[in-house]
Amino acid sequence: MRLSQAFVPTTKEAPKDAALPSHIYLVRGGFINQVASGIYNFLPFGKRVLDKIRAIIKEELDNAGAQEVQLGFVTPCELWEESGRFKKYGKELLRFKDRKENCFVLGPTHEEMMVALVRGRVNSYKQLPLNLYQINLKFRDEARPRFGLLRGREFLMKDGYSFHATYEDMEREYRLMEETYKRIFTRLGLEFRAVEADVGAIGGSASKEFMVLAQSGEDTIVLCSECEYAANVEAAKRKMPQPPTEAPEFSNFEPFYTPNLKSIEELSDFFKVHPYFFVKAVAKKAVFDENEEIVLFFLRGNDELQEVKAKNAIGADELVDVTDEELEKAGIVPGFIAPYEQECRIVLDDALKGAKGVICGGNKKDYHLIGADLSHFDEALFADIAAVKEGDLCPECGAILKLSKGIEVGHIFQLGTRYSEAMNATFLDKEGKAKPFVMGTYGIGVSRLVAAAIEQNHDEFGCIWPKEIAPYHVTIIVSNTKDEVQVAFANKLYEDLKEAGIEVVLDDRSERFGFKMKDFELIGYPYGVIVGKNLSEGKVQLVKRKSRQKIDIAKEDILKAVIEAVNQK
RNA sequence: CGGGGCGUAGCGCAGUCUGGUUAGCGCACCUGGUUUGGGACCAGGGGGUCGGGGGUUCGAAUCCCUCCGCCCCGACCA
C-alpha cells in the first residue's frame with residue numbers, strides 16, 4: 001500500500017471522549033472511529049488488524065476440530081422465551097418488532113440459536129460430539145458503554161458451542177478448548193493468564209476466563225507467586241490465614257463501652273488489637289426471584305466482603321446496599337452488629353471458624369463485646385465470602401498471592417444441560433433413550449482484543465502492535481519525496497519486499513520527515529525503514545518501533561535485514 | 001438507573017456568568033511560494049441550522065422551559 005493513496009486519517013489530537021490509551025491511539029491512528037455510544041467503525045487499518053485476529057482464531061479452532069457457521073444476527077423472540085432468558089436478560093437485550101409485528105432481538109450471545117440449529121438435526125449419540133462456532137457481530141445494550149472498544153454495545157465476538165453425549169466428553173472438549181485458547185492468545189503475542197472464574201448468570205458448573213494483563217483491566221485477578229494458581233477475585237480461594245500476632249487475652253465475655261467507634265480502624269486503635277481479631281459485619285439486602293431479605297455477613301476485621309462469593313453463598317440473584325433506616329427498622333444497630341441474636345439470616349466467613357477471644361459488635365449503640373467465642377456456631381452458617389487480598393496464601397501451594405488487573409478476552413464454560421433441557425434438544429443414547437445434549441460454550445472478544453492488545457502494548461508515542469496482528473509489518477519512510485534517488489530506492493525496496501511476501505507500506509506522502517516518523521510511531525508498525533539523507537553514503541536505517549532504535553544498514557543489505565527481522569520469532 | 005460534566009467548522013477549544021457590530025483561535029483542508037532528519041514557514045482562501053424545538057426580549061451562542069446526544073463516577077455487565 002502506498003500511503004499517499006491510503007485512507008488512514010491520523011490526527012495529532014485525540015477526541016475528548018477518549019480516555020484510555022487504546023481508545024486514544026486507535027482513534028488517533030485512524031484505526032477506528034466512534035459512530036454512537038459504544039458503536040465504532042473500523043477503518044482500513046483497523047479492519048486489517050481485526051481480520052488478522054479473526055484468522056488466527058479460525059485457524060486454531062478449525063485445527064481443533066470445530067466448525068464455523070454463521071447464525072442470523074436478528075433472532076426471533078420465541079427462542080428466547082423457550083430458554084426463559086427473554087424475561088431474565090433485562091434491558092441489555094435489544095428487542096424490536098418488524099413490519100408484521102413479529103418480535104425479534106439483536107443477538108447478544110447465541111446459545112438459543114445454536115441449540116435450535118442442532119435440535120432435530122442431530123438425533124443420535126453417533127453424531128456427537130459437535131463443536132460449532134461463529135465469528136459474528138453481537139449487540140448488548142449496555143447500561144454504560146465505555147473504554148472505547150473494550151466495552152462497546154456492538155462488538156465482534158467468536159462464540160462456540162459444543163454438544164456431547166456425556167459430561168466426561170464435554171470436560172474433554174473443555175480442556176481441548178482451554179489448550180486451543182492458550183495457543184490463540186500466545187500467537188496473538190499477548191501476555192495473558194487463564195483464571196478460575198465465577199460462572200455468573202449464564203449458569204453451568206466450571207468456567208475459566210482468559211485475561212490479558214493490563215493496568216486498565218476492569219477485572220481483578222489473583223495470581224500465585226510460585227505455582228500456576230490463578231483466579232478471578234470473584235472466584236479466588238485462599239489458604240486459611242494465620243493469626244498475625246498473638247491473640248489478645250480477655251478474662252470475660254462482656255460488653256465494653258466504645259462511644260462512636262464504628263470502623264475497624266478506630267476500634268483497632270482504641271483496643272490496641274490487630275484488626276484480625278475483630279468481627280466485621282456487612283449488611284446487604286439479598287434479592288431473590290420472588291422476595292428480598294436483609295442478610296448479615298461477618299468477616300475478620302482485616303478482610304473485605306467479596307460480593308460475588310457472598311451472593312453465591314446464599315443463592316441470591318443480587319446483593320444491594322441497605323440503608324441504616326432499613327436496618328434499624330429490622331431491629332439491627334448499624335455500626336455495632338453482633339453475630340448473636342439476629343432475626344435475619346447470617347453468614348460467617350470461613351476464616352472465623354472456631355474463632356475465640358475476638359471483639360464484635362454489641363447489638364447496642366456504643367457497645368462492643370470483647371472475648372467473643374464463635375466456635376459453637378453451626379457449621380452450615382460458614383462460607384467462603386472474603387475477598388482474597390494481596391499477601392494471602394495460595395490455596396494450592398501456600399505461597400504468597402498477588403493481585404493484578406486483567407482484561408477478559410475469553411471465557412470457557414462447562415454449561416451442562418441448562419439450554420438443551422429448557423429447549424427440549426435431545427438425542428438418543430445407546431439404549432435408545434432421549435437425553436438432553438451436554439453442552440460447553442466458549443467465547444472470545446474479537447474486537448475487544450484489538451483494544452486489549454494496545455492496552456498491553458503502547459508507549460507515549462502510540463501503538464506497538466505485536467507482529468502477528470500489526471496492520472502491516474513495515475513502513476518505508478521516504479524522508480524527502482523531492483529527492484528522486486530516495487524515491488527510486490524506496491520504490492524498488494517496496495516492490496522487492498512485496499515480492500518477498502512482506503506486508504509493507506510505502507510512505508510516499510509529500511510530508512516532512514518528522515511528520516512521517518510521528519505517524520510511524522502512532523500507528524505502530526513493528527518496523528520502519530528510513531530512506532533519507534544517508535542514502536548518498538549508501539546507507540539506510542532500520543527502526544524498531546518498540547525500542548525506537550535506529551540501526552544503520554548498507555543499502556544492499558536492507559532487503560535481507562527486513563525479511564529477517566519480520567520472520568524472526 | 002442514581003450522581004456529575006459537556007454539546008460552538010472535520011478535530012481540540014475560547015466566547016455563555018454580566019444578551020448588543022460581520023461568532024473567534026489552534027490543528028486539519030484548498031491555492032501559490034519557500035523548506036525537507038522529528039507533527040515547518042510566509043501569503044491568500046474555503047468551511048458554522050452555536051445539538052433540536054419552544055419561550056423571554058427591540059435584539060439570544062449567551063437568559064428560561066423542554067427534548068436529544070456524548071463523556072466521567074457508581075450500580076449493572078453471557
Side-chain angles (χ1 to χ4, degrees), chain A residues 9-20 23-24 27-28 30 33-39 80 83 85 88-93 107-112 114 138-148 150-153 155 157-161 197-204 207 209 218-219 234 285 287 307-308 311 317-321 408 410-413 415 418-419 439 441-445 448 461-462 477-483 486-487 507 509-522 528 530-536 539-541 543 548 550 552:
Chain A
T10 56
T11 57
K12 205 146 101 175
E13 279 176 302
K16 65 171 175 187
D17 43 351
L20 287 193
H23 195 188
I24 292 170
V27 172
R28 281 192 52 208
N33 85 289
Q34 182 170 353
V35 184
S37 180
I39 302 178
W80 287 77
S83 71
R85 282 209 290 185
K88 263 203 147 170
Y89 214 99
K91 283 193 175 174
E92 258 186 60
L93 190 62
T109 171
H110 285 189
E111 281 80 7
E112 284 83 356
M114 204 62 97
K138 299 285 177 290
F139 192 93
R140 288 180 198 168
D141 201 356
E142 290 275 355
R144 192 181 155 209
R146 59 186 126 170
F147 306 142
L150 286 177
R151 182 169 293 281
R153 292 193 292 173
F155 56 97
M157 179 166 119
K158 170 260 154 179
D159 50 326
Y161 309 85
D198 176 55
V199 292
I202 196 170
S207 92
E209 290 168 334
E218 287 188 84
D219 290 285
E234 295 175 350
K285 191 158 58 186
V287 182
E307 287 207 23
V308 174
K311 186 182 77 174
D317 293 335
E318 63 171 326
L319 296 181
V320 295
D321 291 341
E408 182 191 347
H411 204 159
I412 58 176
F413 286 89
L415 193 53
R418 172 170 168 186
Y419 292 89
M439 293 177 60
T441 176
Y442 321 95
I444 295 180
R448 177 180 279 184
F461 306 101
I477 295 169
V478 184
S479 176
N480 182 354
T481 48
K482 293 246 170 83
D483 182 329
Q486 286 183 19
V487 172
D507 197 344
R509 297 173 299 175
S510 56
E511 297 287 351
R512 294 162 65 92
F513 176 74
F515 184 96
K516 296 184 184 184
M517 284 302 288
K518 292 286 184 196
D519 252 15
F520 159 68
E521 284 158 347
L522 176 59
I530 301 171
V531 178
K533 60 186 183 189
N534 292 345
L535 186 64
S536 53
K539 283 183 197 159
V540 294
Q541 286 177 307
V543 200
R548 298 175 63 244
K550 298 170 186 162
D552 283 335

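Protein chains get the first letters and strands the later ones, always in sequence-line order, with residue 1 at the start of each. All values below were derived from every heavy atom in this structure, side-chain atoms included, with hydrogens, water molecules and symmetry-related copies excluded.
B/G15 and B/G20: their P atoms are spaced 13 Å apart (whole Å). Only the C1' atoms considered, B/U22 is 15 Å distant from B/A61, to the nearest whole Å. On the C1' atoms, B/G54 is 32 Å away from B/G12, given to the nearest whole Å. Taking atom P on both nucleotides, B/A14 is separated from B/U57 by 32 Å, rounded to a whole Å. As rounded to the nearest Å, B/C27 and B/C67 have P atoms that lie 40 Å from one another. Nucleotides B/G46 and B/G4 are separated by 39 Å at their C1' atoms, to the nearest Å. As rounded to the nearest Å, B/G53 and B/U62 have P atoms that lie 12 Å from one another. A distance of about 16 Å separates the P atoms of B/C70 and B/G51, rounded to the whole Å.
A/K482 comes within contact range of at least one nucleobase, with a heavy-atom separation under 4.0 Å. Among the atoms of the strands shown, none is found under 4.0 Å from any heavy atom of A/D321. Within 4.0 Å (heavy atoms only), A/E521 reaches at least one base atom of the nucleic acid.
Within the 4.5 Å cutoff, no side-chain heavy atoms of A/R418 are placed close to those of A/T441. Between A/L415 and A/Y161 the shortest side-chain heavy-atom distance does not fall below 4.5 Å.
At distances below 3.5 Å, not a single donor-acceptor pair connects side-chain atoms of A/R153 with backbone N or O atoms of A/P145. Checked by atom type and distance alone, the side chain of A/K158 pairs as donor or acceptor with a backbone atom of A/Y442 at under 3.5 Å. Although no hydrogens or angles enter the test, the distance criterion places a donor-acceptor pair under 3.5 Å between the side chain of A/Q34 and the main chain of A/A36. A donor-acceptor pair under 3.5 Å is absent between the side-chain atoms of A/R28 and the main chain of A/T10, judged by distance alone. Judged by distance alone, with hydrogens and angles left aside, the side-chain atoms of A/Q486 form a donor-acceptor pair with the main-chain N or O of A/N480 at under 3.5 Å. Listed for the A/K516 side chain is no donor-acceptor partner under 3.5 Å among the backbone atoms of A/S479.
For B/U36, its base never sits under 3.5 Å from the side chain of A/K516 at any donor and acceptor pair. Side-chain to base pairing of A/Q541 with B/G37: one donor and one acceptor N or O lie within less than 3.5 Å of each other. For B/G26, its base sits under 3.5 Å from the side chain of A/E13 at one donor and acceptor pair at least.
Taking every side-chain heavy atom of A/A143 into account, B/C76 is the closest of B/G39, B/G37, B/C76. Among the nucleotides B/C11, B/G38, B/C77, the one closest to any side-chain atom of A/K550 is B/G38. Proximity note for A/R548 (side chain, C-beta onward) versus B/G39, B/G38, B/G37: the nearest is B/G38.
When both pairing distances are held under 3.5 Å, B/C41 makes a Watson-Crick or G-U pair with B/G33. Remark: B/C1 base-pairs with B/G74; criterion is Watson-Crick or G-U wobble with both hydrogen-bond distances under 3.5 Å. For B/C17, there is no paired nucleotide, since no Watson-Crick or G-U wobble pair has both relevant distances below 3.5 Å. In a base pair of the Watson-Crick type (N1 to N3 plus N6-O4 or O6-N4) or a G-U wobble (N1-O2 and O6-N3), with each distance short of 3.5 Å, B/G12 is matched with B/C25. Base-pair partner of B/G59: not found among the strands shown (Watson-Crick or G-U wobble, both distances under 3.5 Å). Across all strands shown, B/G69 forms a Watson-Crick or G-U wobble pair, both distances under 3.5 Å, with B/C6.
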Distances under 3.5 Å only, N/O to N/O: pair up the protein atoms with those of nucleotides 68-71 of chain B.
residue : atom : partner : partner atom : Å
B/C70   : OP1  : A/S37   : N            : 2.8
B/C70   : O3'  : A/Q34   : NE2          : 3.4
B/C71   : OP1  : A/Q34   : NE2          : 3.1
B/C71   : OP2  : A/S37   : OG           : 2.8

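Spacing between atom CD of A/E142 and atom C1' of B/G74 amounts to 15 Å, rounded to whole angstrom units. A/R509 places its CZ atom 14 Å from the C1' atom of B/G38, with the value rounded to the nearest Å. Rounded to an integer number of Å, the gap from A/D483 CG to B/G37 C1' is 13 Å.
Taking both residues in full, the closest heavy atoms of A/E234 and A/D198 are given as OE1-CB, 4.0 Å, listed atom of the first, atom of the second, then distance.
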